[in-house]
Amino acid sequence: MAGKEFKERIRQALNNASLRGALGRFADSYIVSREQVYAGRDFAALRERIAAIKADAAGRYEELADRFTRAVEARGGKVFRAHDAAAAREYIYRVAKEHGVTDIVKSKSFASEEIHLNEFLQERGITPHETDLAEWILQLMPGERPSHMVMPAIHLPKEEVARVFSRYLGQPVEPDIKNLVRLARRELRKKFLTAGMGISGANIAVAETGTIVICTNEGNARLATTVPPVHVAIVGYEKLVPELKDIVPILEALPRSGTAQPITSYVTMITGPVPAWRDDGEGIKELHVVLLDNGRTRMAADPVFKEALQCIRCASCTNVCPVFQLVSGQVYGYIYNGGIGSILTAFFNSLEDAAEPQSLCIGCRRCAEVCPAKINIPDLVLKLRERVVTKQGLSSGYRIALHGVVARPKLMHTLLRAAARLQGPVTHGRPLIRHLPLFFSSLTEGRSLPAIARVPLRDRVKDLERPLSRPRLRVAFYSGCVIDFVYPEIGEAVYKVLGREGVQVVFPQEQACCGAPAAYAGDRETAVKLAKQNIAALEGTGAGVIVTACPTCAVALKKDFPELLAGDPAWEARARIVAAKVKDFTELVHELTRDRQGSSGQPLKESGQALKVTYHDSCHFKRHLGLDRVAREVLKGRPGLELVEMQESDRCCGFGGSYSIKYPEISRPILERKLKNIAASGAELVAVDCPGCVLQLRGGLDQMGGTVQVKHTAEILAAAQD
């Protein structure tokens, strides 16, 4: 579990209404603006180009660094290759001392923050002045941290900024934005004119020409890089690209993905030192480029995490992250935040430093959907989690639950049956648990929990498996644990719908948990063990198709099993054969009925009026399986049903498997937002294709009261056929 300090940061962020409001408002407008600014452009093709350029560069950093160095030095600049943060700091300090520099102006630079340059210089009598407006505000607030990679002070209202300026200037300042900007410009202009050195970062560094490219929306970067007689650019190796033409797709995507702009206000390209005005006349400005490694070449050599170096630092992943919008970047604790930030932290800092930040990822996959560099951030987070567990081990709770119970199906099933018999004191005879006692109480705050079924699906199938004389298809039903032991009625609906389509359904009794809880906890050992058990169980059915009504299970069977068993000569081929047979239930129904949608069935309301149904896109169902349109087509084909879209239908409901148990304080507000959207849709029924989402939404709606129901698509289809 997360440490006390980390949990306290989460608590403070969740209680900061100003921060949550600012991030929420920005995120809402960003999604609309981003869609507009990419209109008419082939985003898929653009991200393929960026990914190819950056992946190629990551495979030959040393070669590109050599070319870049030669190009810069040929134009009179100097390049220092810094192996780590200490080397970079020392070099910059040495240059400053050689020139008698006492004051430095800095343009926004994550690389400078990464090496903790400000503190280092201040301890040695040199004063760095941040000149990006947001960074300067934060610098005037000791102990305050950036809350966003692109907009560091987005969490501060103008009233707070006015108070900060009042303290700094020693006089009252009104909270008027235009006036605040005017004051900042006045104060910072003095720094530019007196500083002996300017420090910047870079968005791109071109090996072919030695050009560094800087994208900003304020004029401070141009002033910092041109007015002082010495310019130091701190450039991470991952900013290197081979040729000048390679900057084009990055410049096309960076502002669109970062702030939903077609282009930033300033795009500055610096190729070598430029003439500069000095007291004794015109002279040549000094240009120093610090090429920063600090874990980057180690990352590039890692076949799993090399992909993360494709990041162009646009922050679009955090802009759409439902967790980030609640807790902000301040919670992550290090320079780089969000899912991608936890991965970078593992290499630029340490694996230990990334252990808690990575746990915040709920796995909704929105970040992978919008990343312009095509980085599969959620999968990399899971790989990072594996490494954390390998080094630090599982917590005692997870170890007992996964190794002791989940990895032993017979024991797990026995315990679930016992719990079904003993749950009376908390269910009070109802299908939902509204309150849990003592330290379990947080699990039922804002969401009721389902009771365990008295009779699991595996005990009911003997009455459901009726032999068909000439079956159209023979399928093995992989139910998953939630359908088997919590919602067996969903399984019964699967049997009913497929049976009426002439499909013979069989239930392999030896099936176990799909391993997703273990995989998402970083427990690869248990996930591998369960993959083998399930493959053997499914092979024994002889079925041509394996159907599941749980998208998480579908992803485990189709994607995770082959990856977990890759390289195992005894199991890899078997895993791939099983994976090729897997279909989601709704996907299979669509294939079986697409030629006669809407031709039969009964109305879902006794009055004969259409039942208003809204659809919630489960994260795995849409973003892993890509079946969101298929589900809607199937539902629209049912008589007596009117499909109405809710706002943010594809936004996570906050379940995330064990995430809602580990971080109920984060899961709860995510669910609340979803419930508001459901209510606003005017729907009488919510259709979903994930039993986990059924659990979350039913529980949330139960606590709210009202009459809106939640059903799995299989249940809706089965009812329409009665």
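All values derive from a computational prediction rather than experimental measurement. Computed over heavy atoms, backbone and side chain alike; hydrogens, waters and symmetry mates excluded.
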Is there a donor-acceptor pair closer than 3.5 Å between any side-chain N or O of K54 and the backbone N or O of A373? no
Distance, nearest 0.5 Å, that separates CD1 of I270 from CZ of R75: 13.5 Å
Salt bridge or not between R296 and D84? Use side-chain N to carboxylate O under 4.0 Å. no
With side chain to side chain contact (heavy atoms under 4.5 Å, CB included) as the test, would you mind laying out the steps for L19 and V327 before giving the verdict? CA-CA 8 Å; L19 181 149; V327 302; over 6 Å; no
Just by distance, with hydrogens left out, do T271 and T211 show a side-chain donor and acceptor under 3.5 Å apart? yes
Quick one: closest heavy-atom pair of I377 and C317, and the distance? CD1-CB, 3.8 Å
Just wondering, more than 12 heavy atoms not from R185 lying within 6.0 Å of its CZ? no
Are T345 and D353 linked by a side-chain donor-acceptor pair shorter than 3.5 Å? no
Side chain to side chain, R89 and V290, heavy atoms closer than 4.5 Å: no
If you define the side chain from C-beta out and look only at heavy atoms, does anything of I199 sit under 4.5 Å from V105? no
Side-chain donor-acceptor contact under 3.5 Å, H155 with S328: no
Going through the distances and angles, do I10 and I666 end up as a side chain to side chain contact (heavy atoms under 4.5 Å, CB included)? CA-CA 8 Å; I10 292 173; I666 296 175; 4.1 Å; yes
Could you tell me if S359 and Y663 have a donor-acceptor pair between their side chains, going purely by distance under 3.5 Å? yes
Side-chain touch V95/H99, heavy atoms, less than 4.5 angstrom: yes
Report, as yes or no, whether the 6.0 Å neighbourhood of atom CZ on R189 holds more than 12 heavy atoms from other residues, nucleotides or ligands. no
Check whether any side-chain N or O of Q330 sits under 3.5 Å from a backbone N or O of A13 as a donor-acceptor pair, and report yes or no. no
Decide yes or no on side-chain hydrogen bond (donor to acceptor under 3.5 Å, both in side chains) for N15 and R20, but give the supporting numbers first. CA-CA 8 Å; N15 289 333; R20 286 180 59 179; over 6 Å; no
Charged N to carboxylate O below 4.0 Å: is that the case for R41 and E252? yes
Would you give the length of the straight line joining atom CG of D176 to atom NZ of K158, rounded to the nearest 0.5 angstrom? 8.5 Å
Report the distance from atom CD1 of I212 to atom CG of N203, rounding to the nearest 0.5 Å. 10.0 Å
Are Q261 and N217 linked by a side-chain donor-acceptor pair shorter than 3.5 Å? yes
Between P152 and K108, is any pair of side-chain heavy atoms under 4.5 Å apart? yes
E114 and N294: CA distance, side-chain angles, deciding distance, side-chain hydrogen bond (donor to acceptor under 3.5 Å, both in side chains) verdict: CA-CA 9 Å; E114 177 188 330; N294 202 38; 2.7 Å; yes
For the pair R673 (side chain) and P669 (backbone), establish whether a donor and an acceptor sit closer than 3.5 Å, ignoring hydrogens and angles. no
Would you please name every residue forming a ring pair (Phe, Tyr, Trp, His ring centres under 6.0 Å) with F192, sequence neighbours left out? none
Checking side chain to side chain contact (heavy atoms under 4.5 Å, CB included) for the pair L292/I115: CA distance, chi angles, key distance, verdict? CA-CA 9 Å; L292 181 64; I115 65 175; 3.8 Å; yes
Any carboxylate oxygen within less than 4.0 angstrom of a Lys/Arg side-chain nitrogen, looking at E5 and R9? yes
Can we say E130 and K106 salt-bridge, meaning some charged N sits less than 4.0 Å from an Asp/Glu carboxylate O? yes
Cation over ring face, R222 and Y266, 6.0 Å, 45°: no
Contact check, side chains of M141 and L156, non-hydrogen atoms, under 4.5 Å: yes
When you measure from the side chain of K622 to the backbone N and O of D628, does any donor-acceptor pair fall under 3.5 Å? no
Of all residues at least two apart in sequence or in a different chain, which pass the ring pair (Phe, Tyr, Trp, His ring centres under 6.0 Å) check with Y91? F80, H288
Determine, step by step, whether Y38 and S257 satisfy the side-chain hydrogen bond (donor to acceptor under 3.5 Å, both in side chains) criterion, reporting the C-alpha distance in whole Å, the side-chain angles of both residues, the deciding distance to 0.1 Å, and the verdict. CA-CA 9 Å; Y38 270 115; S257 290; 2.7 Å; yes
Between Q12 and E8: side-chain donor-acceptor atoms closer than 3.5 Å: yes
Please step through side-chain hydrogen bond (donor to acceptor under 3.5 Å, both in side chains) for the pair D650 and H616, ending with a clear verdict. CA-CA 6 Å; D650 64 346; H616 163 66; over 6 Å; no
Any ring pair (Phe, Tyr, Trp, His ring centres under 6.0 Å) involving residues 101-133? Give me the pairs, sequence neighbours left out, ordered by first then second residue. F110-Y336
By ring pair (Phe, Tyr, Trp, His ring centres under 6.0 Å) - contacts of Y30 (at least two apart): F26
Below 4.5 Å, heavy atoms only, C-beta onward: do N319 and H148 meet side chain to side chain? yes
Sub-4.5 Å side-chain heavy-atom contact between I31 and R366: yes
Does E369 have any side-chain hydrogen bond (donor to acceptor under 3.5 Å, both in side chains) partners at least two apart in sequence or in another chain, and if so, which? R623
Can you see which heavy atom on C652 is nearest to which on I670, and at what distance? O-CG2, 3.2 Å
Does CD in E174 sit with more than 12 non-hydrogen atoms of other residues, nucleotides or ligands closer than 6.0 Å? no
So, are K7 and E665 salt-bridged, with charged N and O less than 4.0 Å apart? yes
Value for CG (L138) from CG (D132), rounded to nearest 0.5 Å, stands at 9.0 Å
Output all residues satisfying side-chain hydrogen bond (donor to acceptor under 3.5 Å, both in side chains) with S316, sequence neighbours left out; order by chain, then residue number. none
State whether K190 and E187 are salt-bridged, where the test is any N-O pair (Lys NZ or Arg NE/NH1/NH2 against Asp/Glu carboxylate O) under 4.0 Å. yes
What verdict does the side chain to side chain contact (heavy atoms under 4.5 Å, CB included) test give for L251 and C215, after you've listed the backbone C-alpha separation in whole Å, the side-chain angles of each residue and the deciding distance to 0.1 Å? CA-CA 8 Å; L251 288 180; C215 301; 3.4 Å; yes
Q122 atom CD, neighbour heavy-atom count above 12 within 6.0 Å: yes
Looking at every non-hydrogen atom in both residues, tell me the closest pair between A308 and I343 and how far apart they are. CB-CG2, 3.8 Å
May I ask you to say whether E238 pairs ionically with R313, meaning some side-chain N is under 4.0 Å from a carboxylate O? yes
What's the spacing between K374 NZ and R47 CZ if we round to 0.5 Å? 6.5 Å
Identify whether NZ of Lys or CZ of Arg in R81 sits under 6.0 Å from the centre of the six-membered ring of Y237 and within 45° of that ring's axis. no
Step through the shown structure and confirm whether more than 12 heavy atoms of other residues, nucleotides or ligands are within 6.0 Å of CD on E243. yes
Output for pair (I234 CD1, S107 OG), nearest 0.5 Å, gives 10.5 Å
